[in-house]
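Contents: one structure, followed by commentary.
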Amino acid sequence: MSSLRPRPRPRISTAERRIRLGRRHLLAPSTHATTLAVAADAVVALHATDAATVFLSARARLAETDIAAVEHAL
């Protein structure tokens, strides 16, 4: 029986990790969500340490939005 060696793991650079995370969290302009629900789903939830943070998080992830739309979705 021959010994099986584990395959070497691919090397992923810090830059590649950041790119992947930006896409996954819809921060890359090409991946922006169309609704707040989709944006929140991409990151499980939008966390806010103060009232403005959730609006800023939503704006960073949505192609278009306004304060009233975020308030309604919340």
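Residues take their numbers from the sequence shown, with the count starting at 1.
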Problem set entry | Residues which pass salt bridge (charged side-chain N to carboxylate O under 4.0 Å, His left out) with Glu16, listed by chain and number, not counting sequence neighbours |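 Arg20.
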Problem set entry | Test item: Arg17 and Leu21 side chains (from C-beta on) under 4.5 Å apart, heavy atoms | no
For this session: Keeping to residues at least two apart or across chains, list the side-chain hydrogen bond (donor to acceptor under 3.5 Å, both in side chains) pairs with something in residues 53-69.
Result: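 side-chain hydrogen bond (donor to acceptor under 3.5 Å, both in side chains) check on residues 53-69 returns Asp50-Thr53.
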Pair up each side-chain donor or acceptor in residues 22-37 with any protein partner under 3.5 Å, not counting sequence neighbours, and list the distances.
| unit_1 | atom_1 | unit_2 | atom_2 | d |
| --- | --- | --- | --- | --- |
| Thr31 | OG1 | Ala28 | O | 2.8 |
| His32 | NE2 | Ala60 | O | 3.1 |
| Thr35 | OG1 | Val38 | N | 3.2 |

For this session: Consider only side-chain heavy atoms of I, L, V, M, F, W and Y, link residues closer than 4.5 Å, and tell whether Val54 and Ile67 are in one cluster.
Result: yes
